[in-house]
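A quick write-up on the structure given underneath.
Chain identifiers are assigned alphabetically (A, B, ...) following the order of the sequence lines, protein sequences preceding nucleic acid strands; residue numbering begins at 1 within each chain. In this text, all values refer to a predicted model and were calculated from it rather than measured experimentally. Values below: every heavy atom of this structure, side chains too, minus hydrogens, waters and symmetry copies.
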Number of protein chains: 2
Amino acid sequence: MAMFDWKGESAELVVLSLLADGPQYGYAISKDVALRSEGQLRLTPGVLYPLLKALETQGLIISEWEAVRSERSAGEGEGRRRKWYKLSAKGRKRLDQRIHSHRAFRRIIDTFIGEPGREETSR
Amino acid sequence: MAMFDWKGESAELVVLSLLADGPQYGYAISKDVALRSEGQLRLTPGVLYPLLKALETQGLIISEWEAVRSERSAGEGEGRRRKWYKLSAKGRKRLDQRIHSHRAFRRIIDTFIGEPGREETSR
DNA sequence: ACCGATATATCTGAAAACGATATATTGTCC
DNA sequence: GGACAATATATCGTTTTCAGATATATCGGT
């Protein structure tokens, strides 16, 4: 069980954020999320792949297959395949929008839980 | 359409937070949420009442009926009824826990979206 | 008398979540 | 060389969640 209940929205935000740092393939994304959250967030296959598919359908990310060849299998068969994803311009816009929306939502929640809230210095 | 996708967790956090300020009845809670969020968060009946029911089942909140009598109807019928909810000790604990969890989750998200994060000064 | 607001509650169709399952390759240890 | 864990992608199917619609009734103002 994941440490936090984190749903669609947040998963999208996290994946788009990761891809903003450069192209990644699915499995690496799931490992990265676990690593960078110190195991507290998990992006399981059943969540990750449908999400990536949805993001691509919306044109937010673009995929490309990589044929990973091992010396061992050189010459035969298909070898392992990786599907790399990169952020599209549209995805970049969506990310900015999601970050903005996340901050706004957070500010509202703060008014309920009585969080002091930081001064709006920059931006 | 609600301005934000805010789901179960957050709704629970908000409701428990509101009840921490004192007892409230359902309809007032929904109005309060809309007011305090400047219309950006909505707790519709289809979400609110099942949530309150679930919170009560878990023993986090305690309900009590109030018979609201108008002069007009004095003496007859049932009159309007309000169901007041107050936070239980268990609910108070859950709220603290949820706030803590919310902050932890937020910190993790910050590492992904590249938020500077405030110094851990107090606490 | 009517209408909009107050007040609580469920129903239901759709969407989302996620563990389980499927399939195949690769690296490592003995 | 054989077994096993890790890498890699993907779907399936059950359960849960969501939120609009619906139901019912009272109250306040005009």
Side-chain angles (χ1 to χ4, degrees), chain A residues 1-15 23-35 41-58 61 63-85, chain B residues 1-15 23-35 41-58 61 63-85:
Chain A
M1 132 223 59
M3 183 130 226
F4 298 103
D5 280 4
W6 69 308
K7 312 221 181 111
E9 282 168 276
S10 304
E12 181 183 308
L13 177 62
V14 162
V15 168
Q24 280 270 46
Y25 56 95
Y27 190 75
I29 290 173
S30 75
K31 290 297 159 188
D32 228 38
V33 167
L35 191 68
L41 256 38
R42 285 190 306 156
L43 213 41
T44 54
V47 175
L48 175 64
Y49 293 106
L51 172 59
L52 288 172
K53 199 177 193 177
L55 292 177
E56 189 170 22
T57 300
Q58 292 170 72
I61 60 178
S63 70
E64 196 179 345
W65 283 104
E66 176 199 12
V68 184
R69 320 258 22 209
S70 59
E71 313 97 61
R72 173 151 65 174
S73 71
E76 351 135 7
E78 301 293 326
R80 180 177 286 168
R81 64 220 176 97
R82 280 189 193 134
K83 202 172 182 178
W84 288 81
Y85 293 93
Chain B
M1 133 222 59
M3 184 128 225
F4 297 103
D5 281 5
W6 70 307
K7 311 221 181 110
E9 287 166 89
S10 303
E12 182 183 309
L13 178 62
V14 162
V15 168
Q24 280 271 45
Y25 56 95
Y27 189 76
I29 291 173
S30 75
K31 289 296 159 190
D32 227 38
V33 166
L35 191 68
L41 256 38
R42 286 190 306 156
L43 213 43
T44 54
V47 175
L48 175 64
Y49 294 106
L51 172 59
L52 288 171
K53 198 177 193 178
L55 291 176
E56 189 171 23
T57 301
Q58 293 169 72
I61 59 178
S63 70
E64 195 179 347
W65 283 105
E66 175 199 12
V68 184
R69 321 254 26 207
S70 58
E71 314 97 60
R72 173 150 65 172
S73 70
E76 353 133 8
E78 300 294 324
R80 178 177 287 169
R81 64 221 175 99
R82 282 190 191 130
K83 204 171 182 178
W84 288 80
Y85 293 93

Can you measure [X] atom [atom1] to [N] atom [atom2] for me and round it to whole angstrom units?
{"X": "A:R81", "N": "C:dA24", "atom1": "CZ", "atom2": "P", "result": "10 Å"}
{"X": "A:Y25", "N": "D:dT7", "atom1": "OH", "atom2": "P", "result": "9 Å"}
{"X": "B:K83", "N": "C:dA9", "atom1": "NZ", "atom2": "P", "result": "4 Å"}
{"X": "A:E12", "N": "C:dA16", "atom1": "CD", "atom2": "C1'", "result": "13 Å"}
{"X": "A:Y27", "N": "C:dG27", "atom1": "OH", "atom2": "P", "result": "13 Å"}
{"X": "A:E9", "N": "D:dC18", "atom1": "CD", "atom2": "P", "result": "10 Å"}
{"X": "A:W84", "N": "D:dT7", "atom1": "CH2", "atom2": "C1'", "result": "13 Å"}
{"X": "B:Q24", "N": "C:dT6", "atom1": "CD", "atom2": "P", "result": "14 Å"}

ask   = Does a side-chain N or O from A:R80 land closer than 4.0 Å to OP1 or OP2 of D:dT7, or not?
value =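 Negative; the distance criterion is not met.
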request  = Please tell me which of the listed nucleotides, C:dC18, C:dA9, D:dG20, lies nearest to the side chain of B:Y85?
outcome  =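 For B:Y85, the side-chain atoms sit closest to C:dA9.
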query = Under a 4.0 Å heavy-atom cut-off, which of residues 45-56 of chain A touch DNA chain D?
reply =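 Here the set is A:P45, A:G46, A:Y49, A:P50, A:K53.
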When rounded to the nearest 0.5 angstrom, what is the spacing between [atom1] in [X] and [atom2] in [Y]?
{"X": "A:Y25", "Y": "A:W65", "atom1": "OH", "atom2": "CH2", "result": "12.5 Å"}
{"X": "A:S30", "Y": "A:L41", "atom1": "OG", "atom2": "CG", "result": "12.0 Å"}
{"X": "B:R42", "Y": "B:K31", "atom1": "CZ", "atom2": "NZ", "result": "10.0 Å"}

ask   = Can you check whether B:I29 reaches B:L52 side chain to side chain, under 4.5 Å on heavy atoms?
value =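 Side-chain contact under 4.5 Å: yes.
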query = Would you say the side chain of A:L43 lies within less than 4.5 Å of the side chain of A:V15, judging by non-hydrogen atoms?
reply =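 Touching, per the 4.5 Å side-chain cut-off.
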query = So how far off straight is the helix from C:dA1-D:dT30 to C:dC30-D:dG1, going by the axes through five pairs at either end, to 10°?
reply =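 One end axis against the other gives 20°.
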ask   = Around atom CD of A:E66, are there more than 12 heavy atoms of other residues, nucleotides or ligands at under 6.0 Å?
value =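 Yes, enclosed.
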Nearest non-hydrogen partners of [X] and [Y], listed with the distance:
{"X": "B:P50", "Y": "B:P45", "result": "CD-O, 3.5 Å"}
{"X": "B:D32", "Y": "B:Q24", "result": "OD2-NE2, 3.6 Å"}
{"X": "A:W84", "Y": "A:P23", "result": "CZ3-O, 3.6 Å"}

